[in-house]
2 protein chains.
Amino acid sequence: MSEEIISLKNAFPNFSNELIEEIVANSSFQSFKAGEVIMRTGQYIKSTILILKGQLKIYREGEDGEEFLMYYLQAGQACAISLICSTKNQTSQITAKVVEDVEAVSIPIALMDKWMMNHRSWYEFVIYTYRTRFEEVLEVVDNIAFRAMDERLEFYLKRHAKACGCKEINLSHQEIALELNTSREVVSRLLKKMEQRGLVNLHRNQIELLM
Amino acid sequence: MSEEIISLKNAFPNFSNELIEEIVANSSFQSFKAGEVIMRTGQYIKSTILILKGQLKIYREGEDGEEFLMYYLQAGQACAISLICSTKNQTSQITAKVVEDVEAVSIPIALMDKWMMNHRSWYEFVIYTYRTRFEEVLEVVDNIAFRAMDERLEFYLKRHAKACGCKEINLSHQEIALELNTSREVVSRLLKKMEQRGLVNLHRNQIELLM
DNA sequence: TTGCCCGTGTGACAAATGTTACTGTGGCTG
DNA sequence: CAGCCACAGTAACATTTGTCACACGGGCAA
């Protein structure tokens with residue numbers, strides 16, 4: 001069994017063997033380096049990407065280039081937007097940037113419709129992806145609609161810690177400010193308050209979560 | 001041909017005849033009065049609803065009962081959330097309230113999986129619904145993430161006018177404030193400014209759009 | 001070492017929004 | 001008609017957030 005099949009099986013354990021064979025036969029394996037933007041607002045979507053390794057962040061871009069984080073994607077996941085847009089010749093509504101070097105499988109959108117009909121495990125994966133991403137976006141709406149910046153910052157830090165699986169967050173205040181669409185000073189201010197409340201320890205380029 | 005079939009065909013012209021027959025054979029026709037809440041956050045979803053007539057609004061509820069409007073649903077549409085949640089025994093993440101008296105078809109979720117496989121027109125409808133609702137929610141995120149209240153109010157008024165198909169919006173400032181999760185005073189203030197800029201005429205319980 | 005850049009801390013102020021309180025007005029009902 | 005209530009307008013103030021200005025210190029490169 002080739003290395004590619006093994007990593008596909010590992011990342012997508014629910015896929016049937018026949019589906020995996022079809023994927024391997026019809027799609028190309030690709031790598032992306034941290035910092036690369038692999039999908040941009042307004043771009044046409046020609047393929048869907050299944051992530052085998054690494055991490056992506058999906059965000060919405062404002063008119064003046066502001067970013068707004070929607071969610072992270074990791075091994076075993078796919079971008080809901082690309083699955084959705086695939087049917088029509090649709091342009092992307094979001095931007096995807098690589099956080100940690102990514103290995104992925106690129107699937108021509110033409111095949112997806114067929115698989116939906118022929119492969120139960122693909123169908124279930126797509127529906128599951130829709131549902132979880134929709135819920136995640138709803139949670140994002142909650143946060144910005146109902147919560148003030150301090151709570152949003154806490155939520156952001158927790159989510160980030162969860163995504164990277166550790167309590168040390170290696171981000172500058174500036175980077176956090178970008179993703180929350182606020183300013184560095186505000187982030188510094190709020191982090192300082194959190195430190196006083198004993199929720200975090202602050203270091204240069206690192207925030208240590210104590211919650 | 002029964003009256004029910006005719007209204008189904010009118011609202012969902014892309015459904016195949018076989019699909020319409022199956023719908024009629026397997027689902028129940030229901031009516032709801034304006035103001036009724038037909039789906040609530042946390043409730044289990046047992047069926048999907050296709051709207052034949054009237055209007056619903058879908059909103060997210062905050063912890064203290066705040067509302068936040070996501071989008072409107074009208075004839076020919078269905079709630080994306082209920083389509084998505086249907087696969088698993090899933091609870092609703094949103095609340096649906098009737099704006100104008102609604103006539104609808106209620107479809108047991110058990111059938112939907114089957115139809116996805118057997119009816120091309122159903123499959124396309126579901127995918128289309130996912131996509132458009134997802135985009136709509138992304139637009140909502142844009143608005144609250146990147147825009148100030150004055151722009152959001154303008155957007156809200158335009159969207160409302162579009163949904164009801166007229167330039168006269170019969171809502172109190174209080175109702176608008178609820179949907180934008182702000183206070184009546186703020187809405188009054190901003191509307192007054194819009195009136196001075198010549199964008200609206202204000203009347204009791206009515207806002208006349210001039211854009 | 002010196003100088004520089006980046007990340008951070010912080011004070012002062014501006015702007016937007018939320019809150020409180022009070023006024024007026026139109027229409028409905030007893 | 002009188003009283004009441006929902007809706008709207010508005011002033012004054014509090015709070016939150018954004019912006020500007022500047023200071024400090026660590027680490028790296030010339």
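Chain naming here is simple, since letters A, B, ... match the order of the sequence lines and numbering starts at 1 in each.
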Is it true that Tyr130(B) and Tyr130(A) have ring centroids separated by less than 6.0 Å?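 Yes - the distance between ring centres of Tyr130(B) and Tyr130(A) falls below the 6.0 Å cut-off.
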Look only at the side chain of Glu103(B) and the backbone of Gly54(B), and say whether a donor-acceptor pair between them is shorter than 3.5 Å.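 Not a single qualifying donor-acceptor pair exists.
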Take the protein atom [atom1] of [X] and the nucleotide atom [atom2] of [N], then report the distance between them rounded to whole Å.
X	N	atom1	atom2	answer
Lys193(B)	dG9(D)	NZ	P	14 Å
Leu180(A)	dT16(D)	CG	C1'	15 Å
Ile207(B)	dA8(D)	CD1	C1'	11 Å
Glu175(B)	dA6(D)	CD	P	13 Å

Summarise how protein sits on nucleotides 7-21 of chain C as a single string, 5' to 3': B when a protein heavy atom is under 4.0 Å from the base, S for sugar-phosphate-only contact, - for no contact. SBBB-B----BBBBB
Measure the acute angle between the ring planes of Phe125(A) and Trp122(A), then classify it against the limits of 30° and 60° as parallel, tilted or perpendicular.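 The rings of Phe125(A) and Trp122(A) sit tilted, inter-plane angle from 30° to 60°.
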Can you spot which of Arg197(A), Arg147(A), Arg159(A) makes a salt bridge (Lys or Arg N to Asp or Glu O under 4.0 Å) with Glu154(A)?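 It is Arg197(A), the one option of Arg197(A), Arg147(A), Arg159(A) that forms the salt bridge (Lys or Arg N to Asp or Glu O under 4.0 Å) with Glu154(A).
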Please tell me if the side chains of Arg60(B) and Gln93(B) come closer than 4.5 Å, counting only heavy atoms from C-beta onward.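 A side-chain contact exists here, since the closest heavy-atom pair is under 4.5 Å.
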For residues Ser27(B) and Ser106(B), is any side-chain donor paired with an opposing acceptor at under 3.5 Å?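 No, no side-chain donor-acceptor pair sits under 3.5 Å.
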